[in-house]
Amino acid sequence: MPQRPLPPSSSSPAVTKGLFILWAVPGQGGRPLQPPTLQQIQALVRHMAEDAQELFAFYEEDQRLAINHLCRTNRPPEWLRGPVMGPGGLRGLRGTMARMAQVLQDITRHQRDLNPPGAEILRRLASTHLKVRGLLSNLEGLFPAPSLPPGRWAPPGPTAPTKVFRQKLEGCRILWSYARFMAKLSTQLEARSRREKRRSRRGSRPPARS
Amino acid sequence: MMNHFVVLAVLLPLRTCYTTYSQQESIVFPVKYLNISKDLALQQLLVEWDVGKSAHDAKLAMSFEIQVRRIDETTTVWTEFHNVTLDKSGKPLHWIWNSDLPLECMSHLVRIRSKAEASKIWSQWSPWETVLGLDTSNNSRPQIFPNEKIVEEGSDITLCCIGREGQIIKEFFLVPAVHVFNRTNSQVGLLTVKNVAHQGAPHITVYCRESCNEEQCYDHAVFFVGKPPDTPSDFSCQTQDMRIVTCTWSQGGDTYLYGRHSPKYTLSEEFSQKMVPCTVSCSDQCSCSWDIGQQRIYNITVTVENPLGKKTATDVFDVTHRTLQSCVNGRKQLHSKVYPAAPFQLWEESTDTEITLYWKHQNKGIELFCQTEVLQPDGKVELHNCSDTHVRYASMTLGGLQPYTEYTARVHCGAAKHFWRWSEWSEARTIRTKEATPSGKLDIWREITSVLGGRNVTLFWKQTPSFRANGKNISYEVTWEKVEDGSKPESVSFSSVCNSTRISIDNHSYRISIMAKNNVNYSLPSVLIIPRATGARELKEEQVNGTDDGIFISWEPKHIYDNYIIDWCNYPMLQPCDLQWKRFGPNTSSALINSAAFVPGVRYNFHIYGSVANRASLLEKKTGYLRELPPLHDPTVEKVELTFNAVTLSWDSYPTNESQSGFVRGYNVYVSPIQEDCSLKGSKKHVLPDDSVLCKYTIENPEEKRYTVKHLLPNTKYKLVVKAYTGGGETPIVNFIYIDTPFNSNMLYLLVLLVIVPALVAAICRWKMKWLKECCCPVIPSPNKSKVLSFKEYKIGSGKVLKISDCIPDMLAVDNKAEAQKLHPWSQLSSAPTEDKIDGPSSSWIYPNESEERDFTPTPTPQTHIWFENFAYSSHLGVESEPETLEASKPELSVVLYQPHYYFDIFNEDAASTPRETAGRKSSLRYISQTDVHCLGRGL
């Protein structure tokens, strides 16, 4: 059953989150595995951008890292730097999301040493990890490339710092960079959507997929 | 000589002994070798030193004083005496010191001196031996020590931050903030936390900054505050099937250490000296299971460990003997270790009063003792024990049950010998017993209504607490028959939902019976005898009072009755009402009737019957409220009769019956002028919430529905209200009726009489002055022209004559002719002698006119005249003395002089009389009434 695309202006968190549940896990609720539309991805990215900002704010406060804005680095890791959508459009996003999913797992593992089971930070990290995996899954559905160069977005070896504070700080900085990345991505997708609508109104047929 | 030699021989050994002793006391063995190293993991200083070989060879017992100092502190931080007996091996000596300050923080110095136990002299101190801290190294950024240390809650921790060479530590603090003792402003910052507590945060972060702001000026660290694990409690191992052993325990409180620092559990078996091959899983409880294998005796130890400590618990058992020692933290107990599996596959057989329950169990070869739990319909739980087990199944019979009743049963078992613990419960099974004849009798009652030619009897029935339907399809059969002639009974059946019916009977006596029936049989009948119809006896209804617990009813008991029945309606307004009844024993004479349906403000009627041999007779009637409420409606004043000082109110249609929410006890009439507070005579004061005062009149007879409020003021606006009151009081005063008392008409009449009429007369007089003057007081001497004052009845010629007999002499004028002649020279003109007389309503005056006396000159003619003064005339004299009037009268005056000379007040003779008059009166007295005077005057 084809999914009804979200209106671009829809920003109700409840609606977005509800749709996200349907999208996040392929085949959720008996839904056949169909490639998502661009509008769906755009709505999902918008929701993830909000979620990333909330996660960073919570992490920074929870880990007592708000002093001197230690986390808010202007030097994000290379894989989270722009341009967000390169010449390949969303195609290049797969690698970033795969890497992010791995990093979120690492952060979660570190935080398990610091928090009791069921702690709020663990719950939020798991939720964000699920969203990243959902977007990754959608991108894979949208761009069913047979194979990608191995290791291109395979997570690198364990280079993470070993000291607890360094781990916390690294995690915080990555979440900050991720939040900014997703915000930029969302903005670019919105702009692109507007452009395509204008083009559509002028009679030109918008491309089905990027 | 000989003596001298002996003395020397004695002294020489003594000196030798003394010398040897003195040498031993002064022998010292200084530290010849001192080496210090540090174990940073354990934060220990390792001190190694040695003394000379001779000391080892002598196996001396020695003492060493060891001092520890820090480089930036002048005082020694630690001093300890270390006693050791040397041996010939010549191994160096060792001492370990635990530092409370991380050894990285600064350099530590150690020195030692020694003393043989036999000696009194300490050796010289060794030189200070130094172990360097990191403060002397060339760091690229500040460094915090210790980092990621796990501290037990309640202990102390000291941290340092070592700045780079030449840098000063500017900030050194913890997040979340805790109270610390810190020292900064040097290259090494120190921070001590006493009695650290877990503050809800998973860890504490330490921040350090030099006096610069670049990234290399910062360092951060964390440390954890936790607790050692609790000893595993309730540790025990058991088997249900002799194949798998499961150990369980409670994991204790939170250690605040998570992830890789969380408590780790391991199980080991002492006899085999092996770790138990099981995987621990913890949720509410921790458990670990493994195959028994060939081993029968186990000594299992569970160890829980985290970075702050280790605890153990042990359980020892032999699955072969099943009764074994259990040891937890050193306490030994005897336990059976068989924990049977739960019974399964339950089935049953049942009668109306018994259930036989069957089940299977897995523990073949183990003699079991089982227990059945039976849940009764009322929620009570009964336990039944059973040891009757067969090879294939077990069973238990539960007796004494109620027919057609659901019971829920489940079973658990334990080892019959060396019982240790029960198995889990089997699945619960719900079983219904078979049907049986209804037990007990129905409680029945009736309501009789007379109709033309007979009676309608409404029959009611209900199940008593002792009644049991004992079946599924219950129905009721009603039978009635004449008592006297034994005619054929009639009967009707009703379904279980019915609880009443109406039958019509004639005026004969009837016997009515009602039975319950189920699929098995009928219950015993309940019987009522309806007596022959007789004239209804009128009973007076008595009022009763309600309480918080119900309505209290009492009656006069009579010994002839074997029970009493009270009936009433829970909803009296319903037609037909839902009749309720309650039976009481023969020794009862009162009851508290309550019902969930009872509400305040509703009148309930109770009938009390006495019953003997199923025949009931009405004894008393009661009526009352659970609680009286104020009347719902105020009396409507239908008629107002108003006078200027009273108002009569009536509210004849106001009901005082059961429609009221209480017994109407009377009425209050409230009155007040609108503009002011009321203070009417005979009333009571009633103050409203707004502090205005009303007059209150109370009528204590509810049937008296008319009242007159008196003593009102005329022409005043009043507000009034009539309120009925019950035992619940009266409603607040909200609405008034308003009246205006009219003017007092009597006052109006009086006013008219006193003011308006005279004013009108005066106005008319003024308007018709001339006419009136002519009419009433014509110009003298023609008074007879007065139409008012003339008397037409008696005329002589043109004059008017009054009969003497009609005149009542009430004034006497006295005159002397001679004197009159002398005093009144103008009187010569008079034709006949007369006396004048004035009679007024209150006084009569005769007075001289002195001025005129001066104006007229007396004449010598001796002639006597009598003059009369008319009151009306004289009273007008003054008024008429106007110039024109006088002018008009002049001609007449010139002809006939008419001038009264003297006036005497006969009532005040002294005042009016002159000496001249007094003399005349003595000589000649003539009595003339005023009327006479007129009559006479006019006759002249």
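So you know, we letter chains A, B, ... as the sequences are listed, proteins then strands, and number each from 1. What you see is a predicted model, and the numbers here were worked out from it, not measured in a lab.
- If you measure heavy-atom distances from Phe173(B) to chain A, the contacts under 4.5 Å come from the side chain alone.
- Two residues are said to be in side-chain contact when any heavy atoms from C-beta on lie closer than 4.5 Å; Ile144(B) and Phe165(A) fail this criterion.
- Shortest non-hydrogen contact noted between Asn68(A) and Tyr218(B) is ND2-CE2, 3.7 Å.
- Atom NZ of Lys310(B) has 12 or fewer neighbouring heavy atoms from other residues, nucleotides or ligands inside a 6.0 Å radius.
- For Ile67(A), the part lying near chain B is the side chain, with the backbone staying farther off; criterion is any non-hydrogen pair under 4.5 Å.
- In the displayed structure, Asn213(B) atom CG is contacted under 6.0 Å by more than 12 heavy atoms of other residues, nucleotides or ligands.
- The CZ atom of Arg260(B) sits 14.0 Å away from atom CZ of Arg112(A), with the distance rounded to the nearest 0.5 Å.
- Rounded to the nearest 0.5 angstrom, His220(B) NE2 and Lys163(A) NZ are separated by 12.0 Å.
- Interface residue Asn147(B): only side-chain heavy atoms are found under 4.5 Å from chain A.
- Minimum heavy-atom separation, His203(B) to Leu114(A): CE1-CD1, 3.5 Å.
- Environment of CD in Gln285(B): crowded, with over 12 heavy atoms of neighbouring residues, nucleotides or ligands closer than 6.0 Å.
- More than 12 heavy atoms of other residues, nucleotides or ligands sit less than 6.0 Å from atom CD of Gln216(B).
- The two atoms that bring Gln63(A) and Thr205(B) nearest to each other are O-OG1, 4.4 Å, heavy atoms only.
- Under a cut-off of 6.0 angstrom, the local environment of CG in Asp284(B) is sparse, with at most 12 non-hydrogen atoms contributed by other residues, nucleotides or ligands.
- With rounding to the nearest 0.5 Å, the separation of OH in Tyr207(B) from CZ in Arg64(A) is 9.5 Å.
- In this structure, the portion of Phe224(B) lying under 4.5 Å from any heavy atom of chain A is its side chain and not its backbone.
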For a salt bridge (Lys or Arg N to Asp or Glu O under 4.0 Å) check, start with the C-alpha distance between Glu215(B) and Arg75(A), then their side-chain angles and the critical distance, and finish with the verdict. CA-CA 13 Å; Glu215(B) 190 173 350; Arg75(A) 287 179 297 174; 3.8 Å; yes

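- For Tyr178(A), there are no side chain to side chain donor-acceptor pair (under 3.5 Å) partners, not counting sequence neighbours.
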